[in-house]
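Here is the structure we will look at.
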Amino acid sequence: DSSMIIGISDTGVDYFHPDLVNKMHVNEEDPPNGIDDDGNGYIDDYRGYDFADQDTSALPGSNYHGTRVAGIAGAETDNGFGMAGVGINAKLAALKIFKSESGTAANTYESIIYAADNGYDVINLSWGSANSYTQAAQDIINYAVEEKNLIVIGAAGNTPEDLEFYPASYDNVLSVASTENNDTKASFSSYSYQVDISAPGRAIYGTTSNDGFTSGDGTSFSSPQVAGAAALVKTRFPELNARQIIERIRVTSDNIYDLNSTYQDKLGFGRLNIENALVADEDTLKSIRLESFSVNSDLGTDLYYGDSIEIHLTLKNYLAESTPTVSLSSPSEYIEFNNQSVAITTLPTLSTNTITLTGAKISESAP
């Protein structure tokens with residue numbers, strides 16, 4: 001739907017590129033006249049905004065990374081030219097967060113707040129750094145997703161290690177790793193338990209400088225495929241909230257762990273399958289996620305050998321009503337379980353349940 005807006009938080013977008021020019025969102029309520037006509041705190045944010053240089057031009061400097069990302073997410077379709085973006089009719093918005101001269105990032109999370117407050121549907125974040133968690137950034141993500149219904153998609157990083165890469169690894173972000181064209185993990189892609197889904201990342205075609213096109217590798221180019229898919233899914237299922245759309249995309253992906261057993265559960269639920277995300281029967285889709293947990297022993301939070309362990313889990317059901325069973329296990333040889341599993345009463349859609357599991361013990365042989 002052309003009412004869908006995908007924010008491209010990146011190096012800027014060449015919004016005059018012939019395969020993008022008709023796809024760019026313009027803010028008609030704030031034409032370029034030196035006045036903040038719409039009163040949103042940004043003067044002349046008619047064609048997006050440059051948060052890094054604090055000016056009205058979101059065109060790229062010499063770095064066309066954001067332009068490539070934009071083309072993947074939503075280059076014009078059926079125009080007999082160039083390429084077709086995944087988002088079909090969705091509009092693109094340029095949110096520039098890298099300075100034109102130095103290339104350094106600035107005011108990155110301000111772009112997320114802006115997208116949330118200005119009614120965008122999706123934002124793509126093909127940037128970040130490893131092990132850089134802050135509570136402030138998590139709070140911003142939570143605000144955007146939970147209060148403003150913004151679908152946040154993030155690239156999982158291009159360091160081929162098991163690491164947490166932010167913003168993709170924050171809660172409420174759909175974190176995207178890369179696959180090769182044969183569905184194995186891309187050699188460059190990061191991986192971790194924080195990854196939610198994978199998408200192709202090798203030789204991905206995109207728009208670039210001088211009205212041209214180029215191919216490139218990276219999770220940066222996997223992520224906008226998922227962002228485009230999110231716009232399609234929201235069009236098809238407008239009654240779903242942002243987190244439900246994230247979960248629908250995640251659980252309709254294709255399992256690829258027969259090819260990636262070394263990375264079990266660290267490439268997300270599977271590889272993106274847009275058709276499944278659009279046509280799967282909603283009554284068959286299950287997504288119950290662990291929202292929070294705590295572990296206590298006989299002495300509170302201190303753990304000693306011989307102690308019994310009590311585990312508190314808060315679960316939330318995002319999709320179809322379900323009656324799950326929770327089981328305890330551990331890879332540690334020093335944790336003993338009584339093979340306990342607990343059946344939970346039916347969880348309706350968007351409901352939560354907190355349960356307490358006992359029956360675990362720290363082995364007396366533990367060091």
Side-chain angles (χ1 to χ4, degrees), residues 131 133-135 137-147 151-154 156 162-177 190-198 226 240-253 255 257 263-270 282 284-297 300-301 303 308-332 335 337-362:
N131 303 317
Y133 176 93
T134 70
Q135 186 59 52
Q138 180 65 77
D139 290 344
I140 289 170
I141 297 289
N142 292 346
Y143 165 77
V145 177
E146 296 174 359
E147 297 188 37
I151 304 164
V152 182
I153 316 294
D162 185 342
L163 53 79
E164 295 187 0
F165 189 82
Y166 295 94
S169 290
Y170 283 118
D171 293 342
N172 283 322
V173 180
L174 185 58
S175 174
V176 186
S190 303
Y191 53 94
S192 79
Y193 290 130
Q194 302 303 318
V195 172
D196 295 301
I197 196 170
S198 295
V226 180
L240 299 183
N241 66 30
R243 187 59 191 267
Q244 288 179 296
I245 290 170
I246 285 173
E247 294 303 322
R248 184 179 177 93
I249 292 169
R250 188 181 72 89
V251 303
T252 55
S253 59
N255 189 318
Y257 284 111
Y263 305 102
Q264 185 66 44
D265 300 324
K266 295 184 178 182
L267 297 175
F269 202 86
E282 59 186 340
T284 68
L285 300 182
K286 313 288 186 182
S287 180
I288 297 174
R289 304 303 301 270
L290 179 64
E291 295 292 289
S292 63
F293 73 95
S294 62
V295 180
N296 295 296
S297 73
T301 57
L303 302 178
S308 295
I309 302 171
E310 193 173 75
I311 302 175
H312 307 274
L313 306 174
T314 299
L315 307 173
K316 184 168 184 177
N317 181 20
Y318 285 96
L319 297 177
E321 181 176 282
S322 184
T323 306
T325 297
V326 176
S327 300
L328 287 174
S329 65
S330 172
S332 172
I335 304 295
F337 285 96
N338 296 333
N339 297 318
Q340 184 192 21
S341 64
V342 176
I344 301 175
T345 56
T346 299
L347 273 175
T349 303
L350 294 178
S351 66
T352 59
N353 194 342
T354 299
I355 61 172
T356 299
L357 298 173
T358 56
K361 183 179 179 181
I362 301 176

Worked verdict on I151 versus V145 for side-chain contact (heavy atoms from CB on, under 4.5 Å): CA-CA 6 Å; I151 304 164; V145 177; over 6 Å; no
Less than 3.5 Å apart, any donor N or O on the side chain of N172 or E146 sitting next to an acceptor on the other?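 Yes, side-chain donor-acceptor contact under 3.5 Å.
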Would you please say whether a donor-acceptor pair under 3.5 Å links the side chains of S175 and S169?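 Side-chain D/A pair, S175 to S169: absent.
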Counting N and O atoms only, with roles assigned by atom type, does the side chain of [X] sit under 3.5 Å from a partner on the main chain of [Y], one being a donor and the other an acceptor?
| X | Y | value |
| --- | --- | --- |
| Q244 | N241 | yes |
| N317 | A320 | yes |
| Y257 | L267 | yes |
| K286 | E321 | yes |

For the residue pair Y166 and Y133, does the interplanar ring angle fall in the parallel (under 30°), tilted (30 to 60°) or perpendicular (over 60°) class?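 Correct class here is perpendicular.
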Both conditions, 6.0 Å and 45 degrees, for the charged tip of K266 above the ring of Y193: are they met here?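 So K266 does make the cation-pi contact.
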I344 side chain reached by T325 side chain, heavy atoms, under 4.5 Å: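 When only atoms from C-beta onward are counted, I344 and T325 do not touch, as no gap falls below 4.5 Å.
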Go through the structure and list residues passing side-chain contact (heavy atoms from CB on, under 4.5 Å) with T284, not counting sequence neighbours.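 For T284, the residues satisfying side-chain contact (heavy atoms from CB on, under 4.5 Å) (neighbours in sequence not counted) are D281.
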Is a salt bridge present between E247 and R289, judged by a nitrogen-to-oxygen distance below 4.0 Å?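 Result for this pair is yes, salt bridge flagged.
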